[in-house]
Trainee: 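Before I ask anything, here is the structure I am working with.
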Amino acid sequence: MGIEAAETPGVDKPFGHDDARYVEIWNLVFMQFDRLAVVEPANKDHRLQLSPLPKPSIDTGMGLERVAAVLQGKISNFETDFVYAAD
């Protein structure tokens with residue numbers, strides 16, 4: 001399946017206590033709103049306003065660095081030869 005990032009590989013922990021075991025290599029971002037900071041002129045207070053996007057979309061977040069980490073058998077993008085010279 002791949003490399004396990006856990007301190008003790010193969011040991012199952014309860015949900016919420018095993019976050020160090022998994023490495024995210026792909027994610028989906030659902031873009032639906034534009035967030036705008038609005039400043040009230042009278043008292044300079046800030047509030048956030050969400051406006052629907054004209055064309056909501058989905059971004060798949062598997063960048064080249066993540067692909068390289070998987071192919072090179074690394075846990076972190078920072079361990080790949082993008083950051084360090086290849087041996």
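Below, all heavy atoms of this structure are taken into account, side chains as well, without hydrogens, waters or symmetry copies.
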Trainee: Would you indicate whether the side-chain heavy atoms of Glu79 and Gln72 approach each other to under 4.5 Å?
Mentor: no
Trainee: Got Arg35 and Gln49 here, is their nearest side-chain heavy-atom distance under 4.5 Å?
Mentor: no
Trainee: Can you tell if the side chain of Leu50 reaches within under 4.5 Å of the side chain of Asp34, non-hydrogen atoms only?
Mentor: no
Trainee: Shortest non-hydrogen contact from Ala69 to Ser76?
Mentor: CB-O, 4.1 Å
Trainee: To the closest 0.5 Å, what do you measure between CD (Glu40) and CG (Asp45)?
Mentor: 7.0 Å
Trainee: side-chain contact (heavy atoms from CB on, under 4.5 Å) between Asn27 and Arg66: does it pass, once the steps are laid out?
Mentor: CA-CA 11 Å; Asn27 65 6; Arg66 292 180 182 189; 4.0 Å; yes
Trainee: Rounded to the nearest 0.5 Å, what separation is found between the CG atom of Asn77 and the CG atom of Leu64?
Mentor: 9.5 Å
Trainee: How about Met31 and Asp59: do any of their side-chain heavy atoms sit closer than 4.5 Å?
Mentor: yes
Trainee: Check the pair Val29, Ile58 against side-chain contact (heavy atoms from CB on, under 4.5 Å), reporting the backbone distance first and the verdict last.
Mentor: CA-CA 6 Å; Val29 178; Ile58 301 172; over 6 Å; no
Trainee: Less than 4.5 Å apart, any side-chain heavy atom of Phe33 and any of Leu53?
Mentor: no
Trainee: Is Met62 reachable from Leu71 through a run of hydrophobic residues whose side-chain heavy atoms are each under 4.5 Å from the next?
Mentor: yes
